[in-house]
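Within every chain, numbering begins at 1; the chains are lettered A, B, ... in the order of the sequence lines, protein sequences first and strands thereafter.
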Amino acid sequence: MRELTLHELIWQLVAAIPPGRVATYGQIARQAGYPRHARYVGQTLKNLPADTGLPWHRVINARGEPSFPKQSPAYRLQRERLEAEGVVFLNGRISLERFGAF
DNA sequence: GTGATGACGGAAT
DNA sequence: TATTCCGCCATCA
């Protein structure tokens with residue numbers, strides 16, 4: 001049995017975000033025990049296969065919005081999934097009340 | 001080994 | 001409030 005790698009740990013944390021809530025990259029990095037690794041969380045999610053089933057759409061940046069350009073299909077997909085879970089987008093941003101998945 | 005990059009964060013302007 | 005700039009740290013060329 002080997003120990004969890006950092007990116008496996010990140011998977012666990014992302015998977016632990018309950019539906020209808022969101023977490024920022026920084027929050028996840030902090031939960032993982034690496035407060036300055038927000039960017040690494042992004043890299044890990046980017047490297048995800050399309051069929052992981054991981055709720056990556058619940059991970060947003062500190063500004064409260066998806067970290068994609070608004071014309072990007074990924075942005076629309078993320079927003080669509082979040083809205084399907086009841087997350088309200090106000091002027092392109094997510095209500096602060098939805099923060100704090102942990 | 002060195003420099004550039006990034007699904008970021010936070011402070012400074 | 002909006003932009004800009006720098007820091008952070010694992011990966012890649």
J.: Look at A:R79 together with A:E83 and state whether they make a salt bridge at an N to O cut-off of under 4.0 Å.
T.: yes
J.: Provide, to the nearest angstrom, the distance between the OH atom belonging to A:Y25 and the P atom belonging to C:dC9.
T.: 19 Å
J.: Can you check whether A:V59's main-chain N or O pairs, donor with acceptor, with A:Q78's side chain at less than 3.5 Å?
T.: yes
J.: Calculate the interatomic distance between A:R63 atom CZ and B:dA7 atom C1'; express it in whole Å.
T.: 13 Å
J.: Determine: side-chain N/O of A:Y34 to OP1/OP2 of C:dC9, distance under 4.0 Å, yes or no.
T.: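 Looking at the OP1 and OP2 atoms of C:dC9, neither is under 4.0 Å from any side-chain N or O of A:Y34.
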J.: To the nearest Å, how far apart are A:Q43 CD and B:dA4 C1'?
T.: 12 Å
J.: Look only at the side chain of A:S95 and the backbone of A:R98, and say whether a donor-acceptor pair between them is shorter than 3.5 Å.
T.: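 Here the side-chain-to-backbone pair does not exist.
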J.: Whole angstroms only, please: what is the CD-C1' distance between A:E65 and B:dG9?
T.: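 Atom-to-atom, A:E65 to B:dG9, this comes out as 14 Å.
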J.: Establish whether the base of C:dC9 is bridged to the side chain of A:R39 by a donor-acceptor pair shorter than 3.5 Å.
T.: no
J.: Checking A:E80 against A:H57: is there a side-chain donor and acceptor pair closer than 3.5 Å?
T.: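 Side chains of A:H57 and A:E80: no pair found under 3.5 Å.
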J.: Please report, rounded to the nearest Å, how far the P atom of C:dA10 is from the CD1 atom of A:I10.
T.: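 Nearest whole value for this atom pair: 11 Å.
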J.: Does A:H37 make a side-chain N or O approach to OP1 or OP2 of C:dC8 shorter than 4.0 Å?
T.: no
J.: Verify, without hydrogens or angle tests, whether A:N61 (side chain) and A:R63 (backbone) share a donor-acceptor contact under 3.5 angstrom.
T.: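 Yes, A:N61 side chain to A:R63 backbone: donor-acceptor pair under 3.5 Å.
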J.: In this structure, how many angstroms lie between the C1' atom of C:dC6 and the CZ atom of A:R36, rounded?
T.: 14 Å
J.: Of the candidate nucleotides B:dG6, B:dG9, C:dA2, which contains the atom at the shortest distance from the side chain of A:K46?
T.: B:dG6
J.: Mind checking A:F68 for me? I need base, sugar-phosphate or nothing, with any heavy atom below 4.0 Å counting as a touch.
T.: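 The residue A:F68 makes base contact.
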J.: Within this structure, what is the CD1-to-C1' distance between A:I94 and B:dA7, rounded to whole angstrom?
T.: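 That distance rounds to 13 Å.
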J.: Base, sugar-phosphate alone, or nothing: which one does A:T24 contact when heavy atoms must sit under 4.0 Å apart?
T.: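 Counting heavy atoms under 4.0 Å across all strands, the contact made by A:T24 is with sugar-phosphate only.
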J.: For A:Q71 and B:dA7, give me the distance from atom CD to atom C1', rounded to whole Å.
T.: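 About 14 Å, once rounded to whole Å.
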